[in-house]
Every structure is written in C-alpha cells, then in structure tokens.
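This is a predicted model, so every value here is computed, not measured. Below, all heavy atoms of this structure are taken into account, side chains as well, without hydrogens, waters or symmetry copies.
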Amino acid sequence: MSLPPSPTRYQHFIGGTSTDGHSSDRIERASPGHGVVVSTYPAGTEADALAAIATARTAFDQGPWPRTTGAERQAILQRTAQLIRDQRDDLGLIECLESGKPIAQARDEMDWAAGIWDYAAALCRHLHGETTNTLGDGMLGLTLREPAGVCGLITPWNFPLLIVSQKLPFALAAGCTCVVKPSEFTSGTTLRLARLLKEAGMPDGVCNVVTGTGDPVGQALAESPDVDLVSFTGSTAVGRKVAAAAGRTLKKVALELGGKNPQIIFADADLDAVVDAVVHGVYFNMGECCNSGSRILVEESVADALVARVAEASATVPVGDPLDERVKIGAIINDAQQAKILDAIASARRDGAEVRLGGAPLASGAGRFVQTTILDRVTPDMAVARDEIFGPVLTVLRFRTEAEALEIANGTLYGLSASVWSRDLDRALRMTRALKAGTVWVNTFLDGAPELPFGGTKQSGLGRELGPQAVLEYTETKTATIRLGPYTPKWL
Ligand code: NAD
C-alpha cells in the first residue's frame with residue numbers, strides 16, 4: 001500500500017448527484033500518518049444543508065421509499081452490504097489515509113460495517129406494530145409503526161463508516177430519508193457509501209451527504225424544523241449543543257457520546273487474558289475510541305505484578321506508519337487531539353501519577369504519533385481518572401474491596417461501557433447489575449455483535465443503536481382506536 005499520487009476530490013451527494021454546492025471553499029485533509037493531502041471536500045454552507053434537507057423532505061413526503069415493502073428495502077440494504085464487502089480494500093485505504101488508523105484494522109472495520117447492513121436488511125422484514133384485542137367487543141386497538149421522517153445523522157472521525165452504519169441502515173429500514181453530515185476530517189467513505197446505495201438501487205433523494213464543519217452544517221440539521229430526528233455520535237460537549245438546538249423544534253434526539261470506561265480486575269481473574277484485553281482495550285484505534293478501556297481498576301494484591309506485565313506487553317505493540325500491514329497503533333487524528341493527549345499526560349504528572357511507560361510524542365517524519373503510555377498510581381480525584389483522553393494512554397487505579405471498586409467505577413459523568421474480570425460468577429453478576437453503563441463485559445472486552453444494543457447511560461448518551469430495537473428508534477408510534485359496530489352516543 002502506498003500514498004495516492006494526488007488527493008481525491010469529493011463533492012456533496014444531494015438528490016442522487018454529486019455537486020460542489022453553494023461555495024467554492026474546500027476542506028483539505030492531510031493523512032495523519034504522512035502529512036500529505038489525500039482528500040478534499042466541499043466546505044458545506046447552511047444553504048447546502050438546507051438544500052439537502054429539502055431534497056430529503058420531498059423524498060419522504062412524496063417519494064417512493066417510505067411506501068416500499070420490507071422485502072424491497074431488504075434487497076437494497078443487502079446489495080449495499082455486498083458492495084461494501086466488494087470494495088473493502090478501497091474503502092479501508094480511504095479510512096486509513098484520512099483517519100490514521102492501521103490499514104489492516106481499517107479493512108476489518110469495513111467487514112464489520114457490511115455485517116451491520118446485513119443485519120439491518122433482515123430487520124426490514126420484521127418491522128411491525130401490535131394489536132390490542134382486550135378492549136371489549138366494541139373496540140379494537142392497532143399500534144402502527146411509521147417511519148419517523150427526515151433524519152439528520154451526524155458522525156465523528158474515529159470510525160467513519162462503522163458509525164454511519166450504526167445509524168443509516170436502520171433509518172432506511174424504517175422507511176426514513178436522511179441527510180448525513182460526516183466529520184470534516186474523514187468524509188470520504190461516507191460519500192462513497194452514498195454512491196454504493198445508489199448503485200444498489202436506492203431512489204434519489206433518500207440518502208444525501210453534505211460535508212463541512214459542525215457549524216454550519218451539523219447545526220442546520222439540528223435546528224431545521226424540516227428534520228424530524230437527529231442522531232449524533234461525537235463528544236459529550238457537542239452532544240449537549242445538538243440536544244439544545246434540537247430542543248427548539250422538539251425533534252427526536254439520539255446521542256452516542258464519550259466514555260471513561262473502567263475495566264475492573266479482581267485478583268482471581270485469568271491474568272493472561274487480562275493483559276491481552278487491557279492492551280487491546282486501551283490502544284485499539286490509537287485509544288481514539290469511545291469504548292476505550294483507558295481506566296483499569298486493579299485489586300491491590302495483584303496490581304504491581306499486573307502493571308509490570310501490561311507495561312512489558314505495551315512496549316512491544318508496533319506503532320507507526322498506518323499503511324504498514326504489521327502496525328497496530330497508527331497516527332493521531334489532528335494537532336488538537338495530539339496536544340490534548342500530551343496535556344492530559346502533563347496534568348497527570350503534576351497531580352502525582354507515576355509514568356510507567358512512554359509519555360511523549362514519537363519522533364517520526366511528517367506523521368503525528370504518541371508513545372504507548374501507562375500512568376500508574378492514579379487516584380479518582382485526578383483529571384486523568386475522570387476525563388476522556390482519547391489517546392494511547394492507560395490510567396491505573398487500585399482498590400481493596402468490591403464496594404470501593406464500584407464507587408470508583410461509577411464515579412464519573414460517563415456511563416458507556418465497563419468490564420469485570422473475575423472467576424467468581426456471583427461477584428461478576430453483582431457488579432454487572434450495579435455498574436452504571438450501557439454495556440458491561442464479563443471476562444472480555446470490546447466484543448460485540450449487530451444483534452446487541454449499544455449506547456450509554458448518564459452523560460454518555462441517549463437511546464440505543466444496533467440490536468432488534470434499533471429500527472424502532474427511527475419510527476413514530478401511531479395508535480388507531482377503532483370502534484366496531486354502531487357508535488353509542490355517550491356525551492350528548
Ligand atoms: P465532535 O463532537 O467534535 O464532532 C462530532 C461531529 O459533530 C462532527 O461531524 C462535527 O463536525 C459535528 N459537530 C461539531 N459541532 C457541531 C454543532 N455545533 N452542531 C452539530 N454538529 C456539530 O466529536 P469528534 O471529535 O469527531 O469524535 C470524538 C468524540 O466522539 C469522542 O468524545 C468520542 O467518545 C465520541 N464517540 C462516541 C461514540 C459512541 O458511540 N458513544 C462513538 C465514537 C465516538
């Protein structure tokens with residue numbers, strides 16, 4: 001794999017055609033691993049967003065898609081899954097170059113995404129309401145599930161195709177039409193996906209993509225009275241803004257936000273497995289992962305031995321050129337994120353944490369890399385124990401009792417995921433019940449399947465993606481109350 005000879009020039013995708021939109025301004029995206037411009041996208045304006053919303057509105061109110069059968073929707077979603085699989089190498093390369101993630105991982109993510117499209121395709125045939133037949137002889141209740149309408153889907157840069165695939169196929173399965181706003185750093189694969197949908201037979205105007213920055217493009221989606229639902233994945237700070245803007249028109253809101261996910265390791269756990277899961281959990285996707293296991297809570301009696309083993313394993317993980325097939329930790333997305341990671345390490349040093357490994361940028365030509373870093377002797381009051389770092393940085397806290405572990409684990413604003421490592425199943429289940437998180441793993445980490453719902457509690461989000469309910473998130477419920485036989489006057 002090598003760098004492309006020239007940047008790919010992308011356009012918005014509105015109403016089934018590619019367009020530069022209302023402005024000639026463009027966003028240049030340089031590969032985080034090489035510092036070379038690999039893509040350019042239109043810097044979308046409010047007018048572009050409004051044009052796409054109007055197109056999606058017309059496609060919803062007058063177009064065929066909300067009126068198609070489940071079987072027709074299924075066929076198009078399945079074909080899209082296959083096209084993603086067919087183009088996994090191309091799509092993976094785009095994501096590697098735009099986001100800095102390792103090429104081998106990027107290709108795996110394309111397969112994951114295709115699997116989600118397959119799963120959503122299956123759900124198209126299962127979308128139905130309910131009947132209520134217990135209202136007496138004279139009454140029948142029908143509960144209809146209808147598509148929610150025009151959906152605004154706003155996504156981040158860390159898993160571009162995967163995250164849009166946790167939203168878009170379910171919205172389409174429900175019969176909605178969409179305007180997608182990908183991250184301004186990684187818009188390439190979302191634009192390619194819109195073209196694949198067209199190739200798979202999707203009617204024009206159903207899936208539109210507008211590139212550009214959050215303000216104005218994302219903001220316009222959150223504010224517009226013509227958008228019925230906004231689904232956002234990104235930081236908690238921006239999620240609050242999106243919810244506030246959406247509140248002005250009281251549209252439906254789904255939010256997938258940040259996390260500070262604890263891995264709780266008891267002394268009786270299989271420590272060989274723990275070492276692998278800790279290293280994977282914290283360094284996967286350079287730590288730029290909402291589910292990152294960036295905070296381990298270790299029972300005091302095994303903490304020193306475990307940290308020594310994790311440090312030894314961490315020092316062997318290959319960091320470097322994302323195009324190298326052997327690399328497991330690629331480049332950091334942008335200068336701001338690199339500075340945020342280094343600031344977090346500096347704040348930990350000031351607060352008295354012990355840097356057991358790394359702690360500095362990795363010297364490398366034009367790329368942007370951070371050493372695998374372990375911060376030991378972190379206490380729950382330190383900023384690094386509470387705030388998301390989003391980098392290859394592990395924080396180690398210690399505990400003595402189950403109650404103390406639980407108090408530390410639940411002691412942040414977040415509640416996305418957590419894991420418990422213990423051979424004592426009673427204890428693992430007690431902890432599973434008491435942890436405030438949308439996902440709890442027992443004796444594993446980062447496992448998942450399209451069948452399993454995903455989302456956060458507390459300030460990690462609102463609503464759930466994936467799982468059999470995912471399609472219902474994109475529906476409205478309509479109650480039909482039907483009088484059987486003659487109406488009996490009851491008021492006059
Ligand atoms: P971000 O919040 O900066 O941006 C996310 C998206 O929102 C981008 O497309 C951005 O352009 C857009 N945006 C920015 N300002 C906006 C505004 N005012 N109105 C509407 N849209 C706006 O997040 P990021 O830096 O791209 O991604 C990293 C964050 O995403 C992390 O906090 C991470 O935890 C979170 N994340 C969460 C999940 C999850 O499923 N819970 C998954 C991945 C990432």
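In this structure, a donor-acceptor pair under 3.5 Å is absent between the side chains of Y10 and S39. A side-chain donor from one of Q459 and R240 sits under 3.5 Å from a side-chain acceptor of the other.
Counting heavy-atom neighbours within 6.0 Å of K340 NZ, excluding the residue itself, gives a total above 12. Heavy atoms from other residues, nucleotides or ligands lying under 6.0 Å from CD of E354 number more than 12. Annotation for K328: atom NZ does not count as buried by contact number, only 12 or fewer foreign heavy atoms lying within 6.0 Å. Crowding of K241 atom NZ: a count of heavy atoms from other residues, nucleotides or ligands under 6.0 Å not exceeding 12. Atom CD of E312 has 12 or fewer neighbouring heavy atoms from other residues, nucleotides or ligands inside a 6.0 Å radius.
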Should Q78 and Q82 be marked as a side chain to side chain contact (heavy atoms under 4.5 Å, CB included) after you check the CA-CA gap, both sets of side-chain angles, and the distance that decides it?
CA-CA 6 Å; Q78 250 168 4; Q82 190 52 48; over 6 Å; no

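A distance of 6.5 Å separates CZ in F266 from OG in S422, rounded to the nearest 0.5 Å. For the atom pair E325 CD and I103 CD1, the distance stands at 6.5 Å (nearest 0.5 Å). The SG atom of C207 sits 4.5 Å away from atom CG of L168, with the distance rounded to the nearest 0.5 Å. Atoms CD and SG, from Q105 and C96 in turn, are 9.5 Å apart once rounded to the nearest 0.5 Å. Note: L193 CG to I84 CD1 = 5.5 Å, rounded to the nearest 0.5 Å. Put simply, OG1 on T395 and CD1 on I345 are 11.5 Å apart, with the number rounded to the nearest 0.5 Å.
Looking only at side-chain heavy atoms (C-beta outward), E473 and F170 stay at 4.5 Å or farther from each other. Side-chain contact between H126 and V471: absent, with no pair of heavy atoms (C-beta onward) separated by less than 4.5 Å.
For F185 and Y41, the ring centers sit 6.0 Å or farther from each other.
A salt bridge links R192 to D90: at least one charged side-chain nitrogen sits closer than 4.0 Å to a carboxylate oxygen. A salt bridge links R107 and D89; the closest N-O separation between the charged side-chain nitrogens and carboxylate oxygens is under 4.0 Å. Salt bridge annotation for D304-R377: present, with a cationic side-chain nitrogen under 4.0 angstrom from a carboxylate oxygen. For K167 and E256, the salt-bridge test fails: no basic side-chain N is under 4.0 Å from an acidic carboxylate O.
Across all their heavy atoms, G456 and R464 have their closest contact at O-NH1, 3.1 Å. Taking every heavy atom of both residues into account, L3 and V36 meet most closely at CD1-CG2, 4.1 Å.
Between the side chain of S460 and the backbone N or O of K458 there is no donor-acceptor pair closer than 3.5 Å. In this structure, S419 contributes its side chain and W441 its backbone to no donor-acceptor pair below 3.5 Å.
Under the side-chain hydrogen bond (donor to acceptor under 3.5 Å, both in side chains) criterion, S301 pairs with no residue at all, not counting sequence neighbours.
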